[in-house]
Every structure is written in C-alpha cells, then in structure tokens.
Novice: 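So that we are looking at the same thing, I have put the structure below in structure tokens.
Only this structure's heavy atoms are used, side chains among them; waters, hydrogens and symmetry mates stay out. Below, chain A is the first sequence line, B the second, and so on; all start at residue 1.
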Amino acid sequence: MLDFLIGKLKGALFEVQHAVLLLIGTIRHLRDVPRRGRDILEQMEMLGADSFGITALTGLFAGMAMSMQFGVEMAVFGAQGYLGKMVTVSIVREMGPVLTALMVAGRVCAGIASELGSMQIGRQVDALRVMGVDPISKLVMPRVVAVFIMLPVLTLMADAIAVLGGAGVAMVVAKLSAATYWAGVDQGLTVQNLLGGLIKPFVFAIIIGVTGCSVGLLTEGGTRGLGRATTQAVVKASILVLVFNFLVGYLVLKALGWA
Amino acid sequence: MIRFEDVRFSYPDGTEVLHGVTLEIPQGQSVALLGASGSGKTTLLHVLLGLNRPQHGRVLVDGVDIVPLAERDLIPIRRRMGVVFQDGALFDSLTVGENVSFMMRELMQLPEEEIEARTRRQLEFVELEHTLDLLPDELSGGMRRRVAVARALAGFDLEIMLYDEPTSGLDPITADTVCELIRKVAQRKHLTSIMVTHRLRDAFKVADHIVVFQDGNILYQGDRDGLFANEDPYIKRFLA
C-alpha cells in the first residue's frame with residue numbers, strides 16, 4: 001500500500017516537474033516567436049477562433065441565467081435597480097473568465113493533448129528531436145502563445161455577450177428598463193473589476209496550454225493511452241483553473257485592498 | 001565507425017533491456033540487428049540516437065562518446081544520421097512534399113527553388129514524385145516508409161542511415177521493394193546502414209553483417225553463412 005502511494009506521489013511529482021520544465025522551455029523559446037509566426041497564427045485559428053461559438057453560447061446563457069436568478073432574489077428586497085451591476089461584476093470578475101477557461105480547457109486542452117499524444121506515440125516527436133528541431137520550439141511554444149493571446153480575447157467577448165444576455169432577461173423577465181440596467185452595468189465596469197477579471201485569462205491560458213502539451217508529450221500506451229491522456233488533460237486543466245481562480249481572485253482582492 | 005562498449009540500459013521501472021552490449025560497426029557496412037520482440041535491438045538503435053541514455057558503457061561515433069553529451073551537443077552528430085522509424089513517423093498534418101522539405105525549411109537557409117528541386121529529386125529517388133501533394137494518410141504503408149527515406153536523405157550530408165523495423169506490417173512484395181530501396185541508398189550514397197528487424201528474409205536482403213539479439217545480449221554476429229552454421233538452439237529456432 002505504502003509502495004503504491006509512494007509510486008503515485010513520484011508519478012505526480014514527475015508530471016509537475018515536466019510541466020514546469022515545459023513552461024520554462026516555452027519562455028526561453030519566446031525568442032523564436034518571429035520565426036514561428038505562421039505556426040502561432042495557425043494555432044490561434046484552431047484553438048481560439050474555432051472556440052468562438054461555444055464561448056459565445058456559454059456567455060449568453062450564463063448571463064441570462066444569472067440575470068434571471070439575481071432578478072428574482074433582488075425583487076424580494078426591491079433592489080432590481082442593482083441587477084445590471086450585480087450581473088456585470090459577477091460576470092467580469094468571476095463567471096466570464098472561469099466559464100470561458102473551462103469551455104476552452106474542454107475543447108482546446110483535449111485537442112492539444114490528443115494531437116501531441118498521437119505525435120508522441122507515432123514517434124513524430126522523436127523524429128523532430130533526431131532532426132535537431134526542438135519540440136518545445138516547434139510544438140509547445142506556438143500552442144501556449146496562441147492560447148495566451150486568444151483566451152483573454154474570448155473572455156472579453158464572452159463577458160460582453162453575457163452582459164447583453166443579462167440585459168435581455170432583465171428587460172423581458174424582471175421588467176427592468178434598459179436605462180436602469182445599463183446604468184448598473186456602467187457602475188459595475190470599473191477599472192478594478194476589469195483588471196481583476198482580465199488577469200485571470202492570462203493565468204488560465206498558461207495552465208491550459210502547458211497542461212495540454214505536457215500530458216500530450218507524456219502519452220504512452222497506444223490508442224488506449226491516448227484516450228486516457230485526453231481525458232486527464234481536461235480534468236487536470238479544469239481543476240487547476242478552479243484552484244487558480246480562487247488564488248488569483250484572492251490576490252487581486254488583496255492587492256486592491258478589498259480583502 | 002560506430003562502437004558500443006559494454007552498454008547497459010534499464011527503463012525507469014528497473015527492467016534492464018541491454019545487458020552489456022559490445023558491438024563495432026565499421027564505416028560503410030550494412031548491418032541487420034535481428035531478434036525477437038523485446039530483445040533490445042530497437043533500444044540499441046535509440047541509444048545510438050541519444051533518445052535513450054545508457055546507465056553504463058560508451059557509445060562512440062567516430063571516436064566521440066555520445067553518452068554524456070547534452071541534447072544540444074548531440075545535434076551535430078544526429079545530423080549525420082538519417083532515421084526511418086517504424087511506419088515512417090511522417091508528420092501527418094503536412095503533405096509529402098512538406099515532409100520531405102521539412103528539415104531544409106526548418107534548419108537550412110536555402111532558396112525556395114533549391115528546396116523544391118531537392119524535394120523533387122529525393123522523391124524521384126524513391127520513385128514517389130507523383131505523391132508530392134498527398135497527405136501521409138493517403139499513402140500505403142510501403143509508400144510511407146519510402147517517403148520517410150526521402151525525408152531522411154533530404155537533410156544534411158548523411159553518413160549513417162538507421163531503419164527501425166522498416167518492413168513491419170508490410171506484405172512480402174512491398175517489403176522487398178523497401179529492402180531494395182535500403183540497399184540502393186546504402187550503395188549509391190555510400191552510407192553505413194543499420195536495420196532493426198525480426199524478419200530473417202529482410203535481414204539477408206539488406207545486410208552484409210548480421211547481429212542476433214536475445215534478451216538484451218548479442219548471441220551471434222557475423223555473416224549469413226556463419227549464422228546458418230551456428231549450432232545455438234535459439235538461432236536454430238530463429239532460422240527454422
């Protein structure tokens with residue numbers, strides 16, 4: 001039993017070490033960005049632009065649901081006038097970044113892990129190494145940079161769509177006037193809230209990109225191993241997103257003097 | 001000249017797969033590493049490429065021990081070696097032409113016309129010039145191995161060609177075509193060839209020198225006649 005636990009702990013530490021080394025390698029290979037421009041653009045399209053639909057839908061329904069729930073509860077206290085502000089603050093600071101990251105983790109992290117995993121199993125990664133091409137420069141860095149650029153953009157877009165969705169529900173269901181709702185939105189869109197919400201996607205992007213690449217490059221065991229790696233990548237990235245959402249949220253509140 | 005001196009290699013779980021292998025391969029020789037699955041022949045090939053690092057022993061390539069070298073220092077040595085992995089290991093998101101020209105685009109400062117000309121020349125050499133715009137998925141198993149040979153040849157000036165089970169999963173006729181290509185590459189380009197295989201017929205077609213592995217040890221090395229004359233029961237079973 002003890003041996004089993006020690007084995008598991010060693011495995012976990014090795015995975016953390018691998019991911020950290022990949023991150024350091026990615027930072028060192030940022031000098032290759034101009035040479036890898038085409039690879040990065042391709043990844044931005046595949047990982048970012050193609051995620052537009054799911055993040056837009058997520059934002060829309062999250063905003064609508066929040067507006068509906070807050071609207072009902074706030075009506076009890078006659079505080080519907082604050083609905084726009086409540087929806088905006090919740091979306092911009094918490095729900096927008098987290099939900100977007102979770103959706104992108106599900107789609108992108110799985111895609112990266114399965115693509116790099118099949119390259120690893122098919123010895124394509126070894127072929128790169130033997131040719132003298134660094135897999136971190138060719139495969140990892142472009143993907144991490146692409147997610148790093150695209151996730152904040154997707155988050156901003158999801159935030160905007162969520163606030164719009166919230167407006168629709170506020171006006172139709174809570175019978176709030178557009179002017180009241182948008183005045184609340186205006187109050188909620190402070191620099192502090194925007195900053196707090198916009199730091200998170202950059203952190204989440206690193207988590208998603210590095211986790212997908214790390215799990216993919218450690219894939220072994222044929223097609224069964226590939227399936228396992230894909231699932232693991234999504235689970236690990238999602239858990240890390242939630243953990244770092246709390247940590248970053250706390251640090252931001254602390255920095256702003258609110259906690 | 002390639003020389004393995006008392007090479008021992010274990011995987012992280014402690015399983016030792018090479019138990020002190022010593023082997024010398026002179027420049028220009030064609031060698032077949034023959035043996036059953038798990039006998040250590042592919043591991044030895046990966047040791048030579050620096051993909052596996054032995055825990056003991058030396059691997060000398062023209063007198064330079066590659067075992068202690070860092071990944072970066074291995075690059076000039078690896079660039080003298082071409083590799084054809086099992087099933088080709090072609091980049092499946094790139095076309096055949098892009099695969100063959102990959103190293104030239106990545107690592108060499110060559111004008112586009114020269115890259116295109118070299119790519120066509122290598123594909124003509126493996127008689128697959130008509131596949132330039134196809135994706136690896138659209139090729140048969142034998143064609144993928146031939147494109148992998150073209151990709152290896154399209155890089156830097158090679159001295160050594162390594163083949164990891166280049167005929168596995170192929171029908172006998174296609175396997176013969178691949179073996180003939182391997183022979184042609186060795187003769188025309190004057191390269192040292194090392195082929196890992198478990199197929200006796202392919203080893204005889206390609207190699208002047210046969211090395212038989214059993215459980216991480218070299219059981220026999222010599223020519224074909226010596227192999228047939230050998231009385232070892234394992235070799236007799238292998239030849240049967």
Novice: Roughly how far, to the nearest 0.5 Å, is the CZ atom of Arg123(A) from the CD atom of Gln86(B)?
Specialist: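 Spacing of CD (Gln86(B)) from CZ (Arg123(A)) equals 8.5 Å.
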
Novice: What's the shortest heavy-atom distance between Ala127(A) and Ala89(B), and which atoms?
Specialist: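 In this case the closest contact between Ala127(A) and Ala89(B) is CB-O, 4.2 Å.
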
Novice: Leu74(B) versus chain A, heavy atoms under 4.5 Å apart: side chain, backbone, both or neither?
Specialist: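 It is neither, since no heavy atom gets under 4.5 Å.
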
Novice: Looking only at heavy atoms and a cut-off of under 4.5 Å, which of Phe102(B), Phe156(B), Phe91(B) has the most pairs with chain A?
Specialist: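 Top count of heavy-atom pairs under 4.5 Å with chain A: Phe91(B).
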
Novice: Can you tell me if Lys184(B) has over 12 outside heavy atoms packed within less than 6.0 Å of its NZ?
Specialist: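 Yes - once you tally the heavy atoms of other residues, nucleotides and ligands closer than 6.0 Å, there are more than 12.
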
Novice: Crowded around Arg120(B) CZ? As in, over 12 foreign heavy atoms under 6.0 Å?
Specialist: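 Check fails, neighbour count at 12 or below.
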
Novice: How long is the straight-line distance from CG of Asp134(A) back to CZ of Arg72(B), given to the nearest 0.5 Å?
Specialist: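 With rounding to 0.5 Å, CZ (Arg72(B)) is 9.5 Å from CG (Asp134(A)).
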
Novice: Backbone N or O of Arg129(A) within a donor-acceptor pair of the Arg78(B) side chain at under 3.5 Å?
Specialist: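 Yes: the side chain of Arg78(B) pairs with the backbone of Arg129(A).
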
Novice: Could you report the tightest heavy-atom contact between Met131(A) and Arg79(B), atom names first, then the distance?
Specialist: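 Nearest heavy atoms, Met131(A) then Arg79(B): O-NE, 3.8 Å.
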
Novice: What do you reckon, is CD of Glu127(B) surrounded by more than 12 foreign heavy atoms closer than 6.0 Å?
Specialist: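 Incorrect, the count does not exceed 12.
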
Novice: Just list the side-chain donor-acceptor pairs under 3.5 Å for residues 104-114 of chain A, sequence neighbours left out, or say none.
Specialist:
{"unit_1": "Arg107(A)", "atom_1": "NH1", "unit_2": "Met46(A)", "atom_2": "O", "d": "3.3"}
{"unit_1": "Arg107(A)", "atom_1": "NH1", "unit_2": "Ser51(A)", "atom_2": "OG", "d": "2.9"}
{"unit_1": "Arg107(A)", "atom_1": "NH2", "unit_2": "Met46(A)", "atom_2": "O", "d": "3.4"}
{"unit_1": "Ser114(A)", "atom_1": "OG", "unit_2": "Ala110(A)", "atom_2": "O", "d": "3.2"}
{"unit_1": "Ser114(A)", "atom_1": "OG", "unit_2": "Gly111(A)", "atom_2": "O", "d": "3.2"}

Novice: Is the count of non-hydrogen atoms from other residues, nucleotides or ligands lying under 6.0 Å from Arg31(A) atom CZ greater than 12?
Specialist: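 Above 12, so yes.
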
Novice: Pick one of side chain, backbone, both or neither for Met119(A), based on which atoms fall under 4.5 Å of a heavy atom in chain B.
Specialist: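 Side chain only.
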
Novice: So with a 6.0 Å cut-off around CD of Glu220(A), is the heavy-atom count from everything else above 12?
Specialist: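 Count not over threshold, so no.
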
Novice: Scan Leu162(B), Val83(B), Ile75(B) and name whichever one has a side-chain contact (heavy atoms from CB on, under 4.5 Å) with Val130(A).
Specialist: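 Of Leu162(B), Val83(B), Ile75(B), side-chain contact (heavy atoms from CB on, under 4.5 Å) with Val130(A) is met by Val83(B) alone.
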
Novice: I'd like to know whether CZ of Arg53(B) has more than 12 heavy-atom contacts from other residues, nucleotides or ligands below 6.0 angstrom.
Specialist: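 Yes - once you tally the heavy atoms of other residues, nucleotides and ligands closer than 6.0 Å, there are more than 12.
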
